There are 2 protein chains.
Amino acid sequence: MALDHALLVSLLEKPSSGYELARRFDSSIGYFWHATHQQIYRVLARMEASGWISGEVQAGETAPDRKVFSVTGPGREELSRWLGQPAEPDGVRDTLMVKLRGAAFDDPARLLPEFERHRAAHADRLSRYRAIESRDFAGAQSASPAMPSSGAQGASPGVDGRRSASPATQSDSTVTLERQQALQHLVLKSGIRYEQAWLEWCEESMSLLRSFNQSQSTRTTP
Amino acid sequence: MALDHALLVSLLEKPSSGYELARRFDSSIGYFWHATHQQIYRVLARMEASGWISGEVQAGETAPDRKVFSVTGPGREELSRWLGQPAEPDGVRDTLMVKLRGAAFDDPARLLPEFERHRAAHADRLSRYRAIESRDFAGAQSASPAMPSSGAQGASPGVDGRRSASPATQSDSTVTLERQQALQHLVLKSGIRYEQAWLEWCEESMSLLRSFNQSQSTRTTP
DNA sequence: GGTTGCAATGCAACTGGTTGCATAGTATCC
DNA sequence: GGATACTATGCAACCAGTTGCATTGCAACC
């Protein structure tokens with residue numbers, strides 16, 4: 001499984017409590033790997049048991065206690081091992097595709113509201129990515145071709161771009177910040193490309209669905 | 001869950017046995033929704049129990065017996081209900097992203113072989129999609145911008161494009177073939193766009209990784 | 001001073017998905 | 001005629017992921 005390793009990476013970038021990680025997974029890393037707090041707590045417990053991470057309880061004076069985890073030597077080794085190990089490309093799983101094909105046996109135009117919603121959600125993600133990019137990776141922006149890009153420029157949440165990495169607390173420090181940044185930028189750019197492609201496709205799909213709506217709008221329910 | 005509905009759609013497109021579905025899920029539908037034969041058999045059993053599908057055993061004379069399932073009235077209703085119901089956009093889950101971020105704490109160049117493999121896999125998918133498109137949707141091809149697009153033009157497997165749909169056996173037949181085809185084409189186009197975007201991003205990533213390789217190649221293992 | 005709300009952690013039960021194994025017939029290869 | 005491979009189905013055990021609920025502590029609201 002890769003949640004373990006996603007958490008290891010996250011903890012290397014910044015030692016954190018379970019709660020913090022869960023919030024981080026709602027933004028930054030969570031854009032390409034999601035997990036609930038439940039799952040995170042369980043995996044953290046497991047990893048602590050196997051010695052990959054160690055937790056230290058910080059008694060909060062003005063806040064509840066929190067258990068902050070950081071990666072141990074064995075944890076780093078495990079990560080390194082995992083990195084070197086080949087893995088199958090992950091398949092895509094998009095429910096909308098199933099719905100599209102299913103719509104052939106129903107009224108396709110009924111899907112329009114659903115597409116509308118998804119378009120909004122993806123447009124929102126895209127604009128958040130762009131905001132992060134211009135905040136944390138200014139100077140090397142992704143090219144942005146002419147795109148509709150509706151509203152939604154809400155302030156991006158606590159994403160850990162530039163300011164995240166623990167300064168040099170980590171014992172060995174070959175970990176140059178530039179390197180880390182460049183890699184994080186790549187990940188972000190993948191998200192941007194993905195959302196762009198998705199939105200273009202969405203526009204195309206919606207036109208088609210609309211055209212169905214106008215011509216033959218038979219069958220409301222079988 | 002959506003596997004149930006993916007199977008319903010698949011069975012509407014063509015009544016099939018579990019085995020057949022499993023093979024279909026290795027190609028066509030499986031490009032955007034994967035499942036093992038185990039899972040498929042289990043879900044089929046469950047759906048038969050709830051009356052969404054009904055199976056008929058065909059004693060094979062020259063081959064082993066097979067149980068062919070087709071969608072019932074209640075099954076169609078369930079599909080229709082599901083189609084009308086809003087769903088959250090599915091999140092992306094790509095292990096490579098985790099690895100990229102993790103690579104900052106290891107030697108990033110070690111990821112190159114992995115990227116090479118993934119590039120090959122994605123390039124392969126893309127060319128299979130294109131093959132299907134020109135076979136089944138000739139005349140309305142996707143625009144193909146200048147792309148490296150390595151070799152691998154292997155014959156596409158038994159994907160159900162044009163020839164799939166059961167002619168008019170289905171009781172009601174408002175289901176025009178053109179409509180079904182257009183929707184299937186959309187799904188395919190989404191796959192094409194996705195793979196294109198992925199490959200472009202992959203090239204960019206590999207250049208960066210290579211540049212790391214040349215400059216500072218410190219740290220082989222921590 | 002009770003209510004609402006958020007930070008922080010966790011248990012328990014369930015569902016979805018994976019892995020490993022078992023079986024049985026048919027076809028083909030050498 | 002025995003080995004190998006593919007069609008076709010399924011059980012059992014396990015692991016990953018989700019959902020629902022419970023608790024404690026602090027802060028702020030009115």
Side-chain angles (χ1 to χ4, degrees), chain A residues 1-8 11 15-27 29-30 32-50 53 55-69 82 87-88 90-93 95 98 157-158, chain B residues 1-8 11 15-27 29-30 32-50 53 55-69 82 87-88 90-93 95 98 157-158:
Chain A
M1 225 290 85
L3 177 56
D4 304 50
H5 301 95
L7 288 176
L8 280 182
L11 288 176
S16 321
S17 72
Y19 190 83
E20 243 177 299
L21 284 169
R23 312 218 73 207
R24 207 114 55 89
F25 267 60
D26 284 342
S27 51
I29 296 216
F32 57 87
W33 201 281
H34 179 261
T36 64
H37 70 123
Q38 281 312 331
Q39 221 192 131
I40 288 172
Y41 281 123
R42 229 186 330 164
V43 172
L44 284 176
R46 190 172 63 214
M47 290 201 296
E48 193 182 20
S50 14
I53 60 177
E56 192 189 347
V57 177
Q58 293 186 346
E61 298 175 24
T62 173
D65 296 2
R66 21 179 265 130
K67 200 171 175 185
V68 175
F69 292 94
W82 177 72
E88 285 300 293
D90 305 300
V92 198
R93 259 198 188 188
T95 313
V98 181
Chain B
M1 225 297 83
L3 177 56
D4 304 49
H5 301 96
L7 288 176
L8 279 181
L11 288 177
S16 322
S17 71
Y19 190 83
E20 243 178 300
L21 285 169
R23 313 217 71 205
R24 206 113 58 90
F25 267 60
D26 284 343
S27 51
I29 297 216
F32 56 86
W33 201 280
H34 179 260
T36 64
H37 70 123
Q38 280 312 331
Q39 221 191 133
I40 289 172
Y41 281 121
R42 234 193 320 171
V43 172
L44 284 177
R46 187 172 66 215
M47 290 203 294
E48 193 181 20
S50 13
I53 59 177
E56 193 189 346
V57 177
Q58 293 186 347
E61 297 174 27
T62 173
D65 296 3
R66 23 180 264 129
K67 200 171 173 186
V68 175
F69 292 94
W82 178 73
E88 285 299 293
D90 305 300
V92 200
R93 257 196 190 190
T95 313
V98 181

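Here the structure is a predicted model, which means the values were calculated and not measured. To find a chain, count down the sequence lines: A is the first, B the second, and so on, and within it residues start at 1.
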Taking it one step at a time, do A:Asp90 and B:Arg93 satisfy side-chain contact (heavy atoms from CB on, under 4.5 Å)? CA-CA 7 Å; A:Asp90 305 300; B:Arg93 257 196 190 190; 5.7 Å; no
Quick one: bend of the helix from C:dG1-D:dC30 to C:dC30-D:dG1 from 5 pairs per end, to 10°? 20°
Quick one, B:Leu44 and B:Leu21 - any side-chain contact, counting heavy atoms below 4.5 Å? yes
Grab the CG-P distance between B:Asp4 and C:dG16 for me, whole Å please. 7 Å
Under 4.0 Å: is that the gap between some side-chain N or O of A:Gln39 and OP1 or OP2 of D:dT18? yes
For A:Ala22 against A:Ile40, the heavy-atom pair lying closest together: CA-CD1, 3.5 Å
Here's a test of your reading of the structure: between A:Val68 and B:Ala35, which maps to the more 5' nucleotide of DNA chain C? A:Val68
Can you tell me the distance, in whole Å, between the CG atom of B:Leu21 and the C1' atom of D:dG10? 16 Å
Which heavy atom in B:Val57 sits nearest to a heavy atom in B:Lys67, and how many Å separate them? CG2-CG, 3.9 Å
Interatomic distance, A:Tyr41 OH vs D:dT19 P [rounded to whole Å]: 18 Å
Collect all protein-nucleotide pairs involving nucleotides 19-24 of chain C in which both atoms are nitrogen or oxygen and the distance is under 3.5 Å.
{"residue": "C:dG20", "atom": "O6", "partner": "B:Gln38", "partner atom": "NE2", "Å": "3.0"}

Heavy atoms of B:Phe25 and B:Trp33 approach each other most closely as CD2-O, 3.2 Å
Any B:Tyr19 side-chain nitrogen or oxygen under 4.0 Å from OP1 or OP2 of D:dT9: no
Please state whether the phosphate of C:dT15, meaning OP1 or OP2, lies under 4.0 angstrom from any side-chain nitrogen or oxygen of B:Arg46. no
Which is more 5' along DNA chain D, the nucleotide nearest B:Glu20 or the one nearest A:Val43? Just name the residue. B:Glu20
Atom-pair distance (CD1 on A:Ile40; P on D:dT18), nearest Å: 10 Å
Tell me: CG of A:Leu44 to P of D:dG17, nearest whole Å? 14 Å
Rounding to an integer number of Å, can you tell me how far A:Glu88 CD sits from C:dT18 P? 13 Å
Which nucleotide in C:dG17, D:dT7, C:dA7 has an atom nearest any side-chain atom of A:Arg93: C:dG17
Between B:Leu8 and B:Asp4, is the side-chain contact (heavy atoms from CB on, under 4.5 Å) condition met? List the steps. CA-CA 6 Å; B:Leu8 279 181; B:Asp4 304 49; 5.8 Å; no
Distance col, row A:Arg66:CZ vs A:Glu56:CD, nearest 0.5 angstrom, shows 10.5 Å
Could you pull out the closest heavy-atom pair between B:Tyr41 and B:Tyr19, with the gap in Å? OH-N, 3.4 Å
If you assign B:Arg23 and B:Phe69 each to the DNA chain D nucleotide with the nearest heavy atom, which residue ends up on the more 5' nucleotide? B:Arg23
I want to verify a distance call: between C:dG17, C:dA7, C:dT9, whose nearest atom is closest to the B:Leu3 side chain? C:dG17
Which atoms form the tightest heavy-atom contact between B:Phe69 and B:Gly55, and what is the distance? CD2-CA, 3.5 Å
Can you check the A:Gln58 CD to C:dA8 C1' distance for me, whole Å? 13 Å
Which residue lies toward the 5' end of DNA chain C, B:His34 or A:Lys67, if each is placed at its nearest nucleotide? A:Lys67
Under 4.5 Å between any side-chain heavy atoms of A:His5 and B:Thr95, yes or no? no
Whole-Å distance separating the CE atom of A:Met47 from the P atom of D:dA16: 12 Å
Taking the minimum atom-to-atom distance to the side chain of A:Arg66, which one of D:dT9, C:dG17, C:dA8 wins? C:dA8
